Structures are given as structure tokens and as C-alpha cells.
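All remarks here apply to the structure that follows.
In this text, all values refer to a predicted model and were calculated from it rather than measured experimentally. Quick note: residue numbers are just sequence positions, from 1.
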Amino acid sequence: MGKLDSYRESIQQIISGYIKRLSDSGDNRLEPVFDTVHNHYLLIEAGWRGERRVYGNLIHIDIKEEKIWIQHDGTEIGIANELMEMGVPKEDIVLGFHSPFMRQHTEFALG
């Protein structure tokens, strides 16, 4: 399996794991979005809590130029930590939710 295929599989496993771990309450549901052609991966929460509409991304990850870009991480564990546990090197993980200036102060890739 090539590097990109391995990264796609790892990301999909992580998102699928969150769907299993997070319990849907009320009329909320978790929707995975796996665009393996354009390399966009999301976990969306949609539904209602009482009279309040709930909608948003819990996770947004892209693969660009053979690096995994974490665009949004709404988890407590941290997607970067989970990726490293699956064997993805820090040099291939970009914390896209940090500004380019701040990225230089992390142990991860700049972009």
C-alpha cells in the first residue's frame, strides 16, 4: 500500500472510530464525509438539541502534497496524536488550524 492510500485509510479509521465512540443524543447524528478523490475528510454533527439547531464540523482533514492537514480538530485526544500512534511521522502532519507563524513553533510540518 502506498503512502497516500495508507494516510487515507488511517484518517477514515480515526473518523469511523469517533462515530462509534460518540453517542448520538436526541435528534443529532454524526455524518462522515470521505472524498477520496480530492482528499477531504470531515465528521459533521447535525440535528437538534431541544429547540436549538446543532450543526458543525467536529473534524476536518485534508491531504495536500502528501501531507495530512488537520484543518479543524474538535476532539479531546487530538487527531495529530492519533495519527502518530498509527505511524504517521510528525513531518507529514500540518496543524492547519494554526497560523503559518505559529506552525514554526510546533514539532509538526510547516506546510
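At distances below 3.5 Å, at least one donor-acceptor pair connects side-chain atoms of R53 with backbone N or O atoms of G47. Remark: side-chain polar atoms of S16 are paired, donor with acceptor, to backbone N or O of Q12 under 3.5 angstrom.
Taking the six-membered ring where tryptophan is involved, the planes of H40 and H38 are essentially parallel, since the angle between them stays under 30° and well short of 60°. Ring-plane geometry between F34 and Y41 is classed as tilted, the angle between the planes lying from 30 to 60 degrees on a 0 to 90 degree scale.
Expressed to the nearest 0.5 Å, how far NE2 of H60 lies from NE2 of H72 amounts to 10.5 Å. Taking NZ of K67 as the start and CG of D62 as the end, the distance is 14.5 Å to the nearest 0.5 Å. Distance CD/Q71 to CG/N57: 10.5 Å, rounded to 0.5 Å. Note that CG of L83 and NZ of K90 are 13.0 Å apart. Values are rounded to the nearest 0.5 Å. Between the CD atom in E85 and the OG atom in S10 there is a gap of 11.5 Å [rounded to 0.5 Å].
Between L58 and the choices I44, D73, L43, the side-chain contact (heavy atoms from CB on, under 4.5 Å) rule is met once, by L43.
Side-chain contact annotation: Y7 with N39, donor-acceptor N/O pair under 3.5 Å absent.
Linking Ile, Leu, Val, Met, Phe, Trp and Tyr residues whenever their side-chain heavy atoms come within less than 4.5 Å places Y55 and V33 in a single cluster. Residues Y18 and I11 are members of one and the same hydrophobic cluster, defined by side-chain heavy-atom contacts under 4.5 angstrom among Ile, Leu, Val, Met, Phe, Trp and Tyr. Both I14 and V88 belong to a common hydrophobic cluster when Ile, Leu, Val, Met, Phe, Trp and Tyr are linked at side-chain heavy-atom distances under 4.5 angstrom.
Closest of all the heavy-atom pairs between V94 and A109 is CG2-CB, 3.8 Å. Shown here for I19 and L30, the closest heavy-atom pair between the two residues is CA-CD1, 4.1 Å. Residues I93 and A80 approach most closely at CD1-O, 4.0 Å, considering heavy atoms. Residues R103 and L110 approach most closely at NH1-O, 2.9 Å, considering heavy atoms. Between R8 and I63 the shortest heavy-atom distance is CG-CD1, 3.9 Å. The nearest pair of heavy atoms linking M84 to F108 is SD-CE2, 3.8 Å.
A salt bridge does not link E9 to K3: none of the charged side-chain nitrogens sits closer than 4.0 Å to a carboxylate oxygen.
The local environment of CD in E65 is sparse, with at most 12 non-hydrogen atoms from other residues, nucleotides or ligands closer than 6.0 Å.
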Checking I70 against F97 for the side-chain contact (heavy atoms from CB on, under 4.5 Å) test, could you report, in this order, the C-alpha distance in whole Å, the side-chain angles of both residues, the deciding distance, and whether it holds? CA-CA 7 Å; I70 302 172; F97 53 84; 3.8 Å; yes
